[in-house]
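All values reported here derive from a predicted model rather than from experimental measurement.
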Amino acid sequence: PKRARNLADRHLNEKHYLSGGRKAKLPINDLEFENFVSRQLLPLSSDTDPIQTELPRAIVHVGPRSTGSSAIQSSIGKYSAEFENDNYVYLASSNAHLLSQCFAHASISDHWVEKCVRKSDMLDQMVQNITLARQEHKNILISSESLDSIMLVNPTKIKELLQGFDVHVVVTYRRFFDWIVSNFSQAYRDYQGGWHDWRSIPAGLKNIASYLSDDQVKAQYAGFYAPEVYRVYKAAGFKTQILNYHSGDDIVSSFFCLE
C-alpha cells in the first residue's frame, strides 16, 4: 500500500535502526485454569454492523526472538498515528506478553500460571480492547516474541481469543548461525545483567561452542527457531507469512509493507 511504503521510506530516511520449562503440578487443576482463561474470552458481539462483509484484520507478529522484534515494536509505537489512520490498533508488546503466559498449554510450570493469575486485571483489559476493536471493525496489531514459545503457547487459545478477525501470523526468518549467535549474546547479557556473579556463569554460557552443545539450549532452539514456529502456527490453521531478515529492505520496512 502507498501509505505503508511512505512509512517505510520515512523509517529509512531517518536511519531508525534499532537494532525449559519443567513440567510441574499446577497450583490449580487443569479444569479450573481452563475456566479462568475462558472467562477472559468475551463472546462475539451479536450486533455487528450488517453492512460490514470483511472481517477486521489481526496481524500477529510472533518473533521469534533475536529477529528484529524490538525494532518492529519500537517503530510501530513511533508511527502509531499513521497506523491509527489506517484503522489499526496496536496492542503494546508489554501486554501482549501476557498471551504467552495465560494462553499456554495446561501442563506448564507453576511460575507461568501464577504470573497469569496475578495479572488477570491486565489480561481482562487487553481482551476488552480486542473485543472493542472487533465491535468497531478496527484492525489490530500484536507483536510479541514471547509467542514464539511453541512448547508453552497453545495456538488454539490464541485463535479463540481472536475469533471474529482475519488473523495473519508473521514469523521472521534469520539464518541459523546468525540467529543462534545473537541468542547467545542476549542470554549472556541477561545473565550478567541480573543478580548473578560473573564467576557463576553456567557451562552453557561460557562460549558459543558450549552454548550450542548444551542439552537444555538445544531443546529450546529446536522449538524457537523460525521454521518450527512457522510449522506449528500453520498446522493450527493460521494464515502464516515469513519475513526474511536478510532481504534487501530492513526488517521494519518489510513489516510495514506487508500485504
Side-chain angles (χ1 to χ4, degrees), residues 1 4 8 37 40-41 44 54-77 83 86-105 123 126-127 129-131 133-134 137-176 179 220-247 249-259:
V37 171
Q40 313 307 316
L41 296 173
L44 280 168
E54 293 186 359
L55 295 176
R57 177 177 287 197
I59 305 296
V60 185
H61 172 241
V62 300
R65 60 203 67 191
S66 298
T67 59
S69 298
S70 296
I72 289 173
Q73 291 156 10
S74 175
S75 296
I76 293 173
F83 279 105
D86 274 349
N87 200 37
Y88 274 91
V89 175
Y90 176 47
L91 301 181
S93 59
S94 57
N95 292 335
H97 288 322
L98 286 170
L99 295 178
S100 61
Q101 298 164 5
C102 299
F103 294 89
H105 296 285
L123 174 66
M126 185 181 69
V127 174
N129 290 339
I130 292 173
T131 302
R134 183 175 57 211
H137 210 78
K138 291 182 180 293
N139 307 306
I140 61 173
L141 280 170
I142 297 173
S143 176
S144 175
E145 62 274 25
S146 64
L147 294 176
D148 69 356
S149 307
I150 57 176
M151 294 176 288
L152 299 171
V153 176
N154 186 341
T156 301
K157 293 182 180 179
I158 303 296
K159 182 179 291 186
E160 291 172 355
L161 174 67
L162 298 176
Q163 58 183 315
F165 288 91
D166 179 18
V167 184
H168 295 249
V169 171
V170 180
V171 181
T172 307
Y173 168 75
R174 188 174 182 179
R175 294 172 190 136
F176 179 78
W179 173 77
Q220 290 179 344
Y221 67 62
F224 293 152
Y225 191 41
E228 182 63 10
V229 177
Y230 173 87
R231 184 195 67 78
V232 168
Y233 279 99
K234 188 73 173 177
F238 287 99
K239 297 176 182 176
T240 309
Q241 182 172 351
I242 288 186
L243 287 184
N244 186 356
Y245 185 90
H246 308 279
S247 66
D249 287 336
D250 73 294
I251 195 64
V252 173
S253 297
S254 297
F255 182 81
F256 281 174
C257 293
L258 282 170
E259 293 294 338

One should read off an interatomic distance between N139 CG and H168 NE2, to the nearest 0.5 angstrom, of 9.5 Å
Side-chain contact test, heavy atoms from C-beta onward, threshold under 4.5 Å: evaluate it for R231 versus E228 and give yes or no. yes
Residue that, paired with I140, satisfies side-chain contact (heavy atoms from CB on, under 4.5 Å) out of L162, V167, N129: L162
Sidechain-backbone polar pair: N87 side chain, H137 backbone, donor-acceptor under 3.5 Å: yes
On a heavy-atom basis, the closest approach of R174 and Y225 is O-OH, 3.0 Å
Pairwise distance CD(Q73) to CD(E145) - rounded to 0.5 angstrom: 5.0 Å
Value for CD1 (I251) from OG (S75), rounded to nearest 0.5 Å, stands at 11.0 Å
Between atom CG of L91 and atom CD1 of I76, what is the distance when rounded to the nearest 0.5 Å? 10.0 Å
Once the angle between the rings of Y173 and H246 is folded into 0 to 90°, is it parallel (under 30°), tilted (30 to 60°) or perpendicular (over 60°)? perpendicular
Please round to the nearest 0.5 Å and tell me the distance separating atom OH of Y90 and atom CD1 of I59. 13.5 Å
Compare every heavy atom of A58 with every heavy atom of F165, then report the nearest pair and how far apart it is. CB-CB, 3.8 Å
Got F255 and L141 here, is their nearest side-chain heavy-atom distance under 4.5 Å? yes
Look at the side chain of D86 and the backbone N and O of Y88, then say whether any donor-acceptor pair between them is shorter than 3.5 Å. no
Closest heavy-atom pair, I72 versus S143, reported as atoms and distance to 0.1 Å, is CG2-OG, 4.2 Å
When every non-hydrogen atom of Y233 is compared with those of T240, the smallest separation belongs to C-OG1, 3.9 Å
What distance separates L147 CG from I158 CD1, expressed to the nearest 0.5 Å? 5.5 Å
Restricting to non-hydrogen atoms, name the atom on H61 and the atom on T172 that form the minimum distance, rounded to 0.1 Å. NE2-OG1, 3.3 Å
Passes side-chain contact (heavy atoms from CB on, under 4.5 Å), Y245 versus R175? Steps please. CA-CA 8 Å; Y245 185 90; R175 294 172 190 136; over 6 Å; no
Looking only at heavy atoms, what is the nearest atom pair of L243 and S254, with distance? CD2-O, 4.0 Å
